[in-house]
Amino acid sequence: MELKTVIEQRKTIKAFNPTVKISREELQEMLMLAQLAPSKANLQPWRFVVVDDEALKKELSTQVAFNGPPCETASVVVVVLADLHYEKLLDDLVDQSIEKGCLHQDFRDRKIDFLLGLHQQLTELDIRDQVLIDSSLSAMQLMLIAKDKGYDTHAIGVFNRSAVVNLLDIDNNRYLPVMLLAIGRAANPPLLSCRLGLEYTVSWNNGRGFKK
């Protein structure tokens, strides 16, 4: 599918066909591609809890306000998290970069010192903002990848965060829940939606050109 078509056809789905299953192998491929999203200093703070257990999906569906049907009927629900303590993975990140030929062994310690120094300059709010941005980029990429493979998605931002992290045994001091992403095949055609024209959303060379 052409990228333009994927973007145009990606829509929020209200209910999925509950008989459609997605294999873990295919999900792993989709997640690997999602991880090619941009990331500040290549720190990759996104984390994914993949829920394919039917009983767990049903429990999750009670914690998502009015988004219960897509959550319960989806083939899988991906909980997108942002790692507030991504610095704990710096050694592994750099070592994998060396292993894959992205960094020379001689620069290992220098690279780790640079990334750690960059991290230590940030406030807690700076870190929160950045990991949210990066994790959201990976989630958007995952939605487009799913559509390209013939699946549909529903991004859920309104949910009981404390209940979800407790249900899935997520460390809420380290991981920040960003969204739930329900993935499956639509049971019904998506509702039509429209977007504002560029005159409302784009201004050239200054911020005074927006309509209204």
Side-chain angles (χ1 to χ4, degrees), residues 1-4 6-7 10 22-53 56 75-151 153 155 157 161 164-181 183:
M1 195 182 299
E2 291 186 1
L3 178 59
K4 179 177 183 291
V6 170
I7 293 171
R10 186 219 57 82
I22 307 175
S23 71
R24 288 192 174 185
E25 290 75 17
E26 190 169 17
L27 284 165
Q28 287 174 334
E29 180 188 356
M30 292 161 62
L31 289 164
M32 285 295 294
L33 290 170
Q35 293 189 154
L36 297 178
S39 172
K40 179 182 179 181
N42 198 31
L43 291 171
Q44 308 168 55
W46 44 69
R47 306 289 179 261
F48 308 100
V49 176
V50 183
V51 180
D52 58 3
D53 180 86
L56 276 177
S75 303
V76 64
V77 177
V78 178
V79 184
V80 181
L81 306 171
D83 189 352
L84 294 168
H85 293 291
Y86 58 80
E87 77 279 1
K88 295 182 178 182
L89 274 66
L90 288 183
D91 283 356
D92 289 354
L93 190 153
V94 172
D95 286 341
Q96 288 190 23
S97 294
I98 293 170
E99 180 183 336
K100 294 178 180 179
C102 301
L103 181 71
H104 194 279
Q105 175 70 43
D106 292 347
F107 295 100
R108 181 186 186 278
D109 292 344
R110 189 185 306 177
K111 181 69 172 181
I112 291 175
D113 288 344
F114 169 76
L115 292 175
L116 191 58
L118 188 67
H119 170 74
Q120 290 171 343
Q121 293 174 20
L122 301 175
T123 66
E124 288 187 8
L125 183 58
D126 291 334
I127 293 170
R128 178 187 172 91
D129 286 347
Q130 189 57 52
V131 298
L132 281 173
I133 290 170
D134 285 5
S135 299
S136 296
L137 287 170
S138 69
M140 184 69 250
Q141 190 140 307
L142 180 56
M143 284 187 272
L144 293 176
I145 292 161
K147 188 65 212 178
D148 185 55
K149 288 184 168 292
Y151 300 112
T153 55
R161 282 164 165 77
V164 169
V165 298
N166 287 335
L167 174 65
L168 299 177
D169 195 22
I170 296 168
D171 181 354
N172 64 354
N173 291 314
R174 175 169 178 175
Y175 302 109
L176 184 64
V178 180
M179 69 181 75
L180 307 183
L181 187 58
I183 306 175

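Along the sequence shown, residues carry numbers from 1. No hydrogens, no waters, no symmetry mates; every other heavy atom, side chains included, goes into these values.
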For the atom pair [atom1] ([X]) and [atom2] ([Y]), what is the distance rounded to the nearest 0.5 Å?
X	Y	atom1	atom2	answer
Glu87	Leu118	CD	CG	12.0 Å
Leu33	Ile145	CG	CD1	4.5 Å
Leu93	Leu115	CG	CG	7.0 Å
Leu103	Ile98	CG	CD1	5.0 Å
Ser97	Asn42	OG	CG	6.0 Å

Answer yes or no: is there a side-chain heavy-atom contact under 4.5 Å between [X] and [Y]?
X	Y	result
Asp91	Ile112	yes
Val6	Met1	yes
Trp46	Asp83	no
Leu181	Val77	no

Identify every side-chain donor-acceptor pair in residues 164-172 under 3.5 Å, counting partners at least two apart or on other chains, and give the distances.
{"from": "Asn166", "atom 1": "ND2", "to": "Ser162", "atom 2": "O", "distance (Å)": "3.0"}
{"from": "Asp171", "atom 1": "OD1", "to": "Asn173", "atom 2": "N", "distance (Å)": "2.9"}

Within residues 79-99 or reaching into it, pairs that qualify as ring pair (Phe, Tyr, Trp, His ring centres under 6.0 Å) - sequence neighbours excluded: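 Ring pair (Phe, Tyr, Trp, His ring centres under 6.0 Å) check on residues 79-99 returns Tyr86-His119.
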Stepwise side-chain contact (heavy atoms from CB on, under 4.5 Å) check, Val50 with Val76: CA-CA 7 Å; Val50 183; Val76 64; 3.3 Å; yes
Side chain to side chain contact (heavy atoms under 4.5 Å, CB included) partners for Ala146, two or more places apart: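 Counting only residues at least two positions away or on another chain, Ala146 forms a side chain to side chain contact (heavy atoms under 4.5 Å, CB included) with Met30, Tyr151, Thr153, Ile183.
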Residues that [X] engages under side chain to side chain donor-acceptor pair (under 3.5 Å), provided they are two or more places apart:
X	value
Arg110	none
Thr123	Asp126
Arg128	none
Asp129	none

Any donor-acceptor N/O pair, Arg161 side chain to Val178 backbone, under 3.5 Å: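 Yes; at least one donor-acceptor contact below 3.5 Å.
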Show the atom names and distances, to 0.1 Å, of all donor-acceptor pairs under 3.5 Å that link a side chain in residues 131-140 to residues at least two apart or in another chain.
{"from": "Asp134", "atom 1": "OD1", "to": "Gln130", "atom 2": "NE2", "distance (Å)": "2.9"}
{"from": "Asp134", "atom 1": "OD2", "to": "Ser39", "atom 2": "OG", "distance (Å)": "3.1"}
{"from": "Asp134", "atom 1": "OD2", "to": "Lys40", "atom 2": "N", "distance (Å)": "3.0"}
{"from": "Ser135", "atom 1": "OG", "to": "Leu81", "atom 2": "O", "distance (Å)": "3.3"}
{"from": "Ser135", "atom 1": "OG", "to": "Val131", "atom 2": "O", "distance (Å)": "2.8"}
{"from": "Ser136", "atom 1": "OG", "to": "Leu132", "atom 2": "O", "distance (Å)": "2.8"}
{"from": "Ser138", "atom 1": "OG", "to": "Ser135", "atom 2": "O", "distance (Å)": "2.7"}

Qualifying salt bridge (charged side-chain N to carboxylate O under 4.0 Å, His left out) pairs with a residue from residues 92-105, counting only residues at least two apart or across chains: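 Applying salt bridge (charged side-chain N to carboxylate O under 4.0 Å, His left out) to every pair that reaches into residues 92-105, excluding sequence neighbours, yields Asp95-Arg108.
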Pairs satisfying salt bridge (charged side-chain N to carboxylate O under 4.0 Å, His left out), at least one member in residues 25-39, at least two apart: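 Those involving residues 25-39 are Glu29-Lys149.
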From CA spacing to verdict: side-chain contact (heavy atoms from CB on, under 4.5 Å), Leu31, Leu142: CA-CA 7 Å; Leu31 289 164; Leu142 180 56; 3.9 Å; yes
Pairs flagged by side-chain hydrogen bond (donor to acceptor under 3.5 Å, both in side chains) wherever residues 139-148 is involved - sequence neighbours left out: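 Checked against side-chain hydrogen bond (donor to acceptor under 3.5 Å, both in side chains) - neighbours excluded - the pairs reaching residues 139-148 are Lys147-Asp152.
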Counterpart residues, salt bridge (charged side-chain N to carboxylate O under 4.0 Å, His left out), relative to Arg24 (two or more places apart):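 Listed in chain order: Asp52.
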CA sep, side-chain torsions, deciding dist, call: Val49, Val78, side-chain contact (heavy atoms from CB on, under 4.5 Å): CA-CA 6 Å; Val49 176; Val78 178; over 6 Å; no
